[in-house]
Asker: 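Pasting in a structure now, in structure tokens, and then I'll have a few things to ask.
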Amino acid sequence: ETFSQAQIIQDSAAQYCSMMYRPPELFQTNTDSIITNKSDIWSLGGVLYCLLYGCSPLDRAYKCGDSLSLAAQSSKFTFNQTSPIGSKYSDDIINISRDCLSVNPDNR
């Protein structure tokens, strides 16, 4: 891809993807980036995280005024066994969310 093609992908992501659920590769698209359905898997992991914990995985960075792009690329999200209302989550559902939110698309 050329730089202009990468910029078109990034601009499209900015227009159509919510920042709170945007995968790391769509914050900073390089000319050698390959965008696949694995981007959707990351977003699905963000939605699952929200269902589990009541907020986006990027919500903490957003509230602190930190860079959402850097937060998505660091993938340092908190996965608690206990829900906000005190229920216990299985290891399986936590691992699914964690795997979906992997920075490396090949690991999703």
Side-chain angles (χ1 to χ4, degrees):
E1 290 188 25
T2 66
F3 175 76
S4 62
Q5 289 171 318
Q7 190 62 47
I8 289 169
I9 292 170
Q10 191 169 320
D11 291 346
S12 179
Q15 183 175 1
Y16 297 111
C17 300
S18 169
M19 287 186 76
M20 301 301 272
Y21 301 97
R22 189 178 310 163
E25 61 271 21
L26 291 181
F27 276 103
Q28 186 68 35
T29 307
N30 301 314
T31 56
D32 61 345
S33 295
I34 298 173
I35 307 301
T36 68
N37 61 349
K38 304 248 179 154
S39 296
D40 296 329
I41 299 297
W42 197 97
S43 297
L44 177 65
V47 171
L48 178 58
Y49 186 98
C50 185
L51 290 171
L52 294 171
Y53 303 111
C55 63
S56 160
L58 300 179
D59 200 48
R60 184 175 304 187
Y62 178 77
K63 287 180 178 177
C64 293
D66 294 338
S67 166
L68 297 184
S69 174
L70 292 176
Q73 292 171 19
S74 74
S75 190
K76 294 181 181 174
F77 309 122
T78 302
F79 295 90
N80 296 315
Q81 287 288 143
T82 307
S83 76
I85 59 170
S87 302
K88 296 283 185 184
Y89 293 131
S90 71
D91 289 337
D92 290 338
I93 196 69
I94 291 171
N95 289 334
I96 290 169
S97 182
R98 182 180 288 123
D99 290 347
C100 288
L101 291 170
S102 174
V103 172
N104 184 344
D106 292 333
N107 295 334
R108 295 181 195 148

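Note that the structure is predicted; figures quoted are calculated from it, not measured.
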Asker: Would you say that R60 contacts T78 through its side chain, given a criterion of any heavy-atom pair below 4.5 Å between the two side chains?
Answerer: yes
Asker: For Y62 and M19, indicate whether the former's side chain and the latter's backbone hold a donor-acceptor pair under 3.5 Å.
Answerer: no
Asker: Within a strict 4.5 Å, meaning less than it, do heavy atoms of the I9 and I35 side chains meet?
Answerer: yes
Asker: As an exercise, state the distance from CD1 of I41 to OG of S102, rounded to the nearest 0.5 Å.
Answerer: 12.0 Å
Asker: Hydrophobic clusters here meaning ILVMFWY residues chained together by side-chain heavy-atom distances under 4.5 Å, can you tell me if F79 and I93 are in one?
Answerer: yes
Asker: Can you tell me if S74 uses its side chain to pair, donor with acceptor, with the backbone of A71 under 3.5 Å?
Answerer: yes
Asker: Donor-acceptor check, side chain of S75 to backbone of L101, threshold 3.5 angstrom: yes or no?
Answerer: yes
Asker: Are P105 and E25 side-chain neighbours, meaning at least one heavy-atom pair lies under 4.5 Å?
Answerer: yes
Asker: Does Y53, at its OH atom, have more than 12 non-hydrogen atoms belonging to other residues, nucleotides or ligands within less than 6.0 Å?
Answerer: yes
Asker: Going only through I, L, V, M, F, W and Y residues with side-chain contacts under 4.5 Å, is there a path from V47 to L26?
Answerer: no
Asker: Just verifying a value: how many Å separate D59 CG and Y49 OH, rounded to the nearest 0.5 Å?
Answerer: 8.5 Å
Asker: Is the side chain of N95 donor-acceptor paired with the backbone N or O of D91 at a distance under 3.5 Å, no angle test?
Answerer: yes
Asker: Where is the tightest heavy-atom contact between P24 and A72, given as atom of each residue plus distance?
Answerer: CG-O, 3.4 Å
Asker: Would you kindly check if the NZ (Lys) or CZ (Arg) of R98 is within the cone defined by 45 degrees around the ring axis of F77 and under 6.0 Å from the six-membered ring centre?
Answerer: no
Asker: Strictly distance-based, threshold 3.5 Å: is any side-chain N or O of S56 a donor or acceptor partner for the main-chain N or O of M20?
Answerer: yes
Asker: Treating Q81 as the side-chain partner and Y89 as the backbone partner, does any N or O pair qualify as donor plus acceptor under 3.5 Å?
Answerer: yes
Asker: Kindly indicate whether the side chain of Y21, heavy atoms from C-beta on, has any atom under 4.5 Å from the side chain of C50.
Answerer: yes
Asker: Under a 4.5 Å cut-off applied to non-hydrogen side-chain atoms, are L68 and F27 in contact?
Answerer: yes
Asker: Hey, what do you get for SG (C17) to CG (D40), rounding to the nearest 0.5 Å?
Answerer: 8.5 Å
Asker: Can you find a side-chain donor-acceptor pair between S69 and S67 that sits under 3.5 Å?
Answerer: no
Asker: How close do P23 and S43 get, heavy atom to heavy atom, and via which atoms?
Answerer: CD-OG, 3.8 Å
Asker: I'd like to check R108 versus C100 (side-chain heavy atoms, cut-off strictly below 4.5 Å). Are they in contact?
Answerer: no
Asker: So, does Q15 use its side chain to make a donor-acceptor pair with the main chain of S12 at under 3.5 Å?
Answerer: no
Asker: Can you tell me how far the CG atom of L58 sits from the CG atom of L70, to the nearest 0.5 Å?
Answerer: 11.0 Å
Asker: State whether the side chain of N80 and the backbone N or O of T82 hold a donor-acceptor pair below 3.5 Å, judged by distance alone.
Answerer: no
